*Asks:* 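Quick one: the structure is below, questions incoming.
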There are 2 protein chains.
Amino acid sequence: MENTRVEDLRNILKEKGIQPSYHRLKILKYLMENKVHPTVDMIYRGLSAEIPTLSKTTIYNTLNLFAEKGLVAVLTIGERETRYDINVQPHAHFKCESCGRVYDLWDVKLDVSGAVPEGFEISRVELYIKGICANCRKGS
Amino acid sequence: MENTRVEDLRNILKEKGIQPSYHRLKILKYLMENKVHPTVDMIYRGLSAEIPTLSKTTIYNTLNLFAEKGLVAVLTIGERETRYDINVQPHAHFKCESCGRVYDLWDVKLDVSGAVPEGFEISRVELYIKGICANCRKGS
DNA sequence: ATGGCTTCTTGTATTAAATACAAAGTTAAA
DNA sequence: TTTAACTTTGTATTTAATACAAGAAGCCAT
C-alpha cells in the first residue's frame, strides 16, 4: 500500500513519456499497491472485477510498454511465468519453491565489475535465489 | 569438445543413479560436446539427423530427469526459453541481447551469506547478466 | 461542436513451450 | 521364456505470449 493519488500516477507515466490512459493508470496503481511481483494473470484477475471489459492483451501491451520505458523490471525467476516489478532499483529476488512467493532482497553484496570479458557491455543484472522461506519452513 | 567415450558417459549417468539408455547417453554426449547452453529445440535439431525417430518428449523427459538428479542446471535467462547447462559448478551467465548467445562467467564475486532473512533456506543461486557481447559490438 | 486523425483497447486467431497420458517398444530379471 | 519394470513415442492438451484487424476513445484544427 502506498500513495496512489491519481495525480501522482499521471505524473509517473508522463515523466516516462507514456500517455496516461485509464487502463494504464489502473495497471500502474495495481502494481504499486500489490508489490508481489505479479504475473499478467494475477493482474488480470485482480482488475477484472473493477474493469469487467479489460482484455489480457491490454495488460500485455501495457506491461511491454512499461518495461520498454523503464517503468517496470521484468523477472524471469519462475520457469514458466514472467513477473513484473514496479521497483526498478537494482535488487535481488528470492523465490520460495514451496509457496511460490517472490521476496525482495536488498542486502546482497554484488560486484559485477570485472565479471565480464573485455569489450562486453552490461545493461542489466538479475540475481535470483531460490529455496524455502521462513514461513514454509515453520509450516512443515 | 571433450572426452566423450561411451564408457565415461555411462559412468556419469550411473553415478547419478540414472539408467544409461541409448537416448540418455546421446543427449548427455550432446550436452558435453555443445556447451552453448542449448534449448530443447536445439538439442532436438542437433540429434534428429543421427536419431531420426527421436521424439521431443524424450528430450523433455531426459532433461527433467537430469535436472532432478543434479546432472544439469536449468537456466531461465531468456524470457521465453529454458536452457540447460551441463556444468553445474556455481557460475554466472551473460546473455547477449543482440546475438542471443549465452556465455559462462567465472569471475563474479558473489556473496549471498546474509542476503536472505533469518529462517530462509537457500538451495540455488542464479546470476544473469545481460547486455551486448564484444563480437556484436565490433560488428555494429 | 464537427469531422478527421491518431492512439488505445479489444477479441479472435495463432504460435510455441511444456506437460499428460496411453500405447508400443525395450531391457532386465526371475 | 515369461513377466515385470522401465523407456520411448506420438497425439492431445494446456498455457503464455504475440499478431492483427476492427472498434472505441481521445485530441486537434477548422
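Just so we're clear, the structure is a prediction, and the values are computed from it rather than from any experiment. Residue numbers begin at 1 in each chain, while the letters A, B, ... track the order of the sequences.
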*Asks:* Which part of the nucleic acid, if any, lies within contact of Thr39(B), taking any heavy atom under 4.0 Å across all strands shown: a base, the sugar-phosphate backbone alone, or nothing?
*Replies:* nothing
*Asks:* Assert yes or no for the condition that the ring centre distance of Phe66(B) to Tyr84(B) is strictly below 6.0 Å.
*Replies:*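 Judged by ring-centre distance (under 6.0 Å), Phe66(B) and Tyr84(B) do not meet the cut-off.
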*Asks:* Examine dT18(D): is either OP1 or OP2 under 4.0 Å from a nitrogen or oxygen in the side chain of Tyr60(A)? Give yes or no.
*Replies:* no
*Asks:* Start at the 5' end of DNA chain C and walk down; is the nucleotide closest to Thr58(A) or to Val40(B) reached first?
*Replies:* Thr58(A)
*Asks:* Is the side chain of Lys130(A) donor-acceptor paired with the backbone N or O of Ile77(A) at a distance under 3.5 Å, no angle test?
*Replies:*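 Pair found, side chain donor or acceptor close to backbone of Ile77(A).
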*Asks:* Would you say dA18(C) has OP1 or OP2 under 4.0 Å from some side-chain N or O of Asn64(B)?
*Replies:*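 No, outside the criterion.
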*Asks:* Give the nucleotide from the list dT8(D), dT19(C), dT18(D) with an atom nearest to the side chain of Thr57(B).
*Replies:*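 Output: dT19(C).
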*Asks:* Roughly how many Å is it from CG in Asn61(A) to P in dA19(D), rounded to a whole number?
*Replies:*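 For the pair Asn61(A) CG and dA19(D) P, the rounded distance is 10 Å.
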*Asks:* Does any N or O donor sit under 3.5 Å from an N or O acceptor when you compare the side chain of Arg80(B) with the base of dA16(C)?
*Replies:*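 No.
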*Asks:* Between P on dT18(D) and NZ on Lys56(A), what's the gap in Å once rounded to a whole number?
*Replies:* 13 Å
*Asks:* Given atom CZ of Arg24(A) and atom P of dA25(D), what is their separation to the nearest angstrom?
*Replies:*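 Nearest whole value for this atom pair: 16 Å.
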*Asks:* Please confirm whether the backbone N or O of Thr76(A) pairs with a side-chain atom of Thr76(B), one donor and one acceptor, at under 3.5 Å?
*Replies:*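 Checking the backbone N and O of Thr76(A) against the side chain of Thr76(B), a donor-acceptor pair under 3.5 Å is found.
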*Asks:* From C-beta outward on Ser21(A), which listed nucleotide comes closest to its side chain: dC8(C), dA17(D), dT8(D)?
*Replies:* dC8(C)
*Asks:* Rounded to the nearest Å, what distance is computed from the CD atom of residue Glu81(B) to the C1' atom of nucleotide dT15(C)?
*Replies:* 15 Å
*Asks:* Please report, rounded to the nearest Å, how far the C1' atom of dT10(C) is from the CD1 atom of Ile51(A).
*Replies:*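 So the CD1-C1' distance, Ile51(A) to dT10(C), works out to 13 Å.
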*Asks:* Assign each of Glu79(B) and Ser55(B) to its nearest nucleotide of DNA chain D by heavy atoms, then name whichever residue's nucleotide is nearer the 5' end.
*Replies:* Ser55(B)
*Asks:* Under 4.0 Å between a side-chain N/O of His23(A) and OP1 or OP2 of dT10(C), yes or no?
*Replies:* yes
*Asks:* Of the candidate nucleotides dT8(D), dA18(C), dT10(C), which contains the atom at the shortest distance from the side chain of Thr82(B)?
*Replies:*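 Of the options given, the side chain of Thr82(B) lies nearest dA18(C).
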*Asks:* Calculate the interatomic distance between Lys26(B) atom NZ and dT8(D) atom P; express it in whole Å.
*Replies:* 13 Å
*Asks:* Rounded off to whole Å, could you give me the CD-to-C1' distance for the Gln19(A) and dC28(D) pair?
*Replies:* 13 Å
*Asks:* Tell me the interatomic distance from Ile59(B), atom CD1, to dA17(C), atom P, rounded to whole angstroms.
*Replies:* 12 Å
*Asks:* Any donor and acceptor pair, going by atom type alone, linking the side chain of Asn87(B) with main-chain N or O of Gln89(B) inside 3.5 Å?
*Replies:*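 Flag set: sc Asn87(B) to bb Gln89(B) pair under 3.5 Å.
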*Asks:* Using only atom types and a distance under 3.5 Å, with no angle test, would you say the side chain of Arg83(B) pairs donor to acceptor with the backbone of His37(B)?
*Replies:* yes
